[in-house]
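Scroll down for the structure; my scribbles are underneath it.
Just so it is clear: chains get the letters A, B, ... in the order the sequence lines come, proteins before strands, and each one is counted from 1.
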Amino acid sequence: MLDIKFIRENPEIVKKGIKNKNEKDTVDQILSDDVWRRDLIVQIDKLRSEKNSVSQDIGIMIKDGKDVTELKERMKKVGDSIDSLNKELKFVENRIYDNLIWIPNLPHESVPIGKSSEENVEVRQWLPDGFTFENEVKILDHIELGKKLKILDFERGAKITGSGFPVYMGKGAQLERALINYMLDYHIKDHGYTEVIPPLLVNRESMFGTGQLPKLEEDMYLAEKDDLFTIPTAEVPITNLHRNEILEENQLPINYVGYTACFRREAGSYGKESKGFLRVHQFNKVEMVKLVKPETSYEELESITNDAEDILKALNIPYRILMLCSGDLSFAAAKCYDIETWSPAENKWLEASSCSNFENFQARRANIRYRKTENKKLDFVHTLNGSGLATSRVMVSILENYQTPEGKIIVPEVLQKYTGFKIID
RNA sequence: GGAGAGGUGGGUGAGUGGCUGAAACCAACGGUUUGCUAAACCGUCGUAGUGGGAAACUGCUACCGAGGGUUCGAAUCCCUCCCUCUCCGCCA
């Protein structure tokens, strides 16, 4: 959520940002409502002030045994005026709020302006030693491999739940678990994150806090009886851990990492892009979340991205980093790097991670503040998160990049001590 | 699911209609004292909105779980909802 004061003072900047993000511009309506609102507040406060002081007098007069009937009647009328102005105020405040919650975060100045993912900018690429994009032997895709080696079962997943709910079997399940544990341990031991195992269902306030609501309601699973959503990412419960809290400056930065299953309805995205792991409704993800001081958040964005990259380097998987253009940024993000890993069978890059700085956009919605040591003043923290990483996409790259000419899978070296085996055949 | 208790400032906790934005204590911060630490003493110590001011600052308003109601006046009375705790039942 943007600060209405900021909008009031910088309407043109806000309008430009909204346009670059392809969102609806209600700035003019907000501004005129804001004038109306403040005018009402001044009127109401004046009346209330009068009412308060006269009411106090009435108390004293009653004690002194004086007649207060007339004053009472007058104050009742003042009360009525306040009530009717208040109704008007509520109306205009609601309208401002309804518009405000749909205003996206503004892109950071370093973000390229663009309409869609076509205009994202590649920042760097990392390829293992001796890697080449050309392949002499036929590369099996992860679906064929999964079937052949009996480690993935998409059909049975579809039977027991529906399409997009994969089943991991045998060594596939063990590899998945190894990958999750490896990533968690790496972030905990080498990158200094604190592990969190959060709830997988969250309430509306949490979904609002991180900015999934109101925009993405249709993309999430909802348990209607309890009005709880299954999380689309661990970002939601973990960032909301500190909702409505005041932190001390010396507690920052807070770095959390958590593994959770993630659930996404992916409404309206059926078809070619959705086979196998490429688009699923449930997947596993290790997520990093940071709560930091505002002045450090852009350094932290680089740092969290590097933390995700370290995993891929250790796994020896080719990847590239994209800086998202304004039009491809999520609603709440100010700047975002996507990490894509290479799929030789698909012959394309697959998004495995998204590392974003939300500045204080989420912190405002979730009311997460910190007290500055220097002057004791309160300010909103900046929040960031990054996948570190989504296992389904990494799994595609592992299976495809680590296959032998015979169609077996060599377990990446760093995972071998977690799996206890070196090959899947 | 049933029965009961309760939600007040960073914490503990007082407060049942008016002079309470809220006692007291603790914590925190500033100071005095001190070789250092501690103790003691003094002082400061909520958030937000809005108006005035270049600013330091200051006026007013709101906020005692949330929302409504009664009243000239509500932390205090009434209604609805949410949450927490205890006991019982059920269950992993």
Requested in this report: I would like to know whether A:Glu351 and A:Arg393 meet salt bridge (Lys or Arg N to Asp or Glu O under 4.0 Å); could you show each step before the answer?
Outcome: CA-CA 7 Å; A:Glu351 180 187 337; A:Arg393 302 290 174 72; 5.1 Å; no

Query raised in the report: Should A:Glu300 and A:Lys293 be marked as a salt bridge (Lys or Arg N to Asp or Glu O under 4.0 Å) after you check the CA-CA gap, both sets of side-chain angles, and the distance that decides it?
Result: CA-CA 10 Å; A:Glu300 294 278 8; A:Lys293 291 190 266 179; over 6 Å; no

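The residue A:Asn52 sits close only to the backbone: its heavy atoms come under 4.0 Å of sugar-phosphate atoms, none of a base. Here A:Val54 lies out of heavy-atom contact (under 4.0 Å) with every strand. Here A:Lys51 lies in heavy-atom contact (under 4.0 Å) with sugar-phosphate atoms only. Across all strands, A:Ile44 comes closer than 4.0 Å to no nucleic acid atom at all (heavy-atom distances). Base engagement by A:Ile58 is indicated by at least one non-hydrogen atom pair under 4.0 Å involving a base atom. Within the nucleic acid shown, A:Arg371 comes within 4.0 Å of sugar-phosphate atoms alone, with no base atom in reach, counting heavy atoms only. As judged by a 4.0 angstrom heavy-atom cut-off over every strand, A:Arg364 is placed among residues making no nucleic acid contact.
Across B:C41 and B:A22, the matching P atoms stand 25 Å from one another, rounded to whole Å. Across the P atoms, B:C45 and B:C88 are found 48 Å apart, a figure rounded to whole Å. The gap from the P atom of B:A75 to that of B:G7 amounts to 16 Å, rounded to the nearest Å. Separation of the P atoms belonging to B:A23 and B:G6 is 23 Å when rounded to the nearest angstrom. Nucleotides B:U12 and B:G17 are separated by 27 Å at their C1' atoms, to the nearest Å. With both ends at atom P, the span from B:G15 to B:C91 equals 43 Å, rounded to whole Å. Comparing the P positions of B:C64 and B:U8 gives an interatomic distance of 12 Å, to the nearest angstrom. The same atom, C1', is picked in B:C42 and in B:C79; the two are 49 Å apart, to the nearest Å.
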Requested in this report: Let me have RNA chain B in dot-bracket notation, would you? Count Watson-Crick plus G-U wobble pairs, both distances under 3.5 Å, and use [ ] for pairs crossing earlier ones and | for inter-strand partners.
Outcome: ((((((((.[[[..)..(.....]]].(((((.......))))).(((((((....))))))).[[[[[..)....]]]]])))))))....

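Using a 4.5 Å cut-off on side-chain heavy atoms (C-beta onward), A:Arg365 and A:Phe358 make no contact.
The main-chain N or O of A:Asn105 is found under 3.5 Å from a side-chain atom of A:Lys21 such that the two form a donor-acceptor pair.
Side-chain atoms of A:Gln43 and A:Asp39 form a donor-acceptor pair, as typed in the model, at a separation below 3.5 Å. Residues A:Gln362 and A:Thr383 bring a donor and an acceptor atom of their side chains to less than 3.5 Å of each other. With no hydrogens or angles considered, a side-chain donor-acceptor pair links A:Tyr319 and A:Glu309 at under 3.5 Å.
For the pair A:Arg37 and A:Leu71, both in contact range of RNA chain B, the more 5′-proximal nearest nucleotide belongs to A:Arg37. If you find the closest nucleotide of RNA chain B to A:Arg369 and to A:Lys90, the one lying nearer the 5' end belongs to A:Arg369.
With sequence neighbours left out, A:Leu415 forms a side chain to side chain contact (heavy atoms under 4.5 Å, CB included) with A:Leu175, A:Leu179, A:Tyr182, A:Leu315, A:Ile398, A:Val411, A:Pro412.
For RNA chain B, the span of nucleotides reached by chain A at under 4.0 Å from its heavy atoms goes, 5' to 3', from B:G18 to B:G73.
Screening A:Phe154, A:Phe283, A:Phe165 for a ring-ring contact (aromatic ring centres under 6.0 Å, His included) involving A:Phe277 leaves a single residue, A:Phe154.
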